Amino acid sequence: MTSAPIVVHRPSLLGGRRVTVHSSGRDEILGTAYSDHDLVVFLQGAGVAEPEAVLDDPQWVEWRGGHAHEFHAA
């Protein structure tokens, strides 16, 4: 794998960040996260066993277009 399987995209103009997971050769949108809690819930639903532990692990999660853990409007 050349990049993290989970991508937290840049903050939107209205706030929140789209979250996608790469699985089985394709990207799937998990939803829009407005907080770390939302992100953890999405990752649990995607089958990540300890989602809190991977939020800052670049092998698991790639934060794009903004600082990690910031969800306010761009």
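Bear in mind the structure is a predicted one, so any value in this text is a computation, not a measurement.
Across P11 and E70, no two heavy atoms sit closer than the pair CG-O, 4.1 Å. Considering every non-hydrogen atom in both G65 and R10, the closest pair reads O-CB, 3.3 Å.
Atom OG of S35 is separated from atom NE2 of H72 by 14.0 Å, given to the nearest 0.5 angstrom.
Here V48 is tied into one hydrophobic group with I6, V8, V19, V21, L30, L39, V40, F42, L43, V54, L55, W60, V61, W63, F71, each link being a pair of ILVMFWY side chains closer than 4.5 Å. Cluster partners of V7 are absent, since no Ile, Leu, Val, Met, Phe, Trp or Tyr has side-chain heavy atoms less than 4.5 Å from it.
Annotation: side-chain hydrogen bond (donor to acceptor under 3.5 Å, both in side chains) contacts of H22 (sequence neighbours excluded): D27.
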request  = Kindly determine whether H9 and R64 satisfy side chain to side chain contact (heavy atoms under 4.5 Å, CB included), including the steps that lead there.
outcome  = CA-CA 5 Å; H9 297 268; R64 290 187 185 167; 3.8 Å; yes

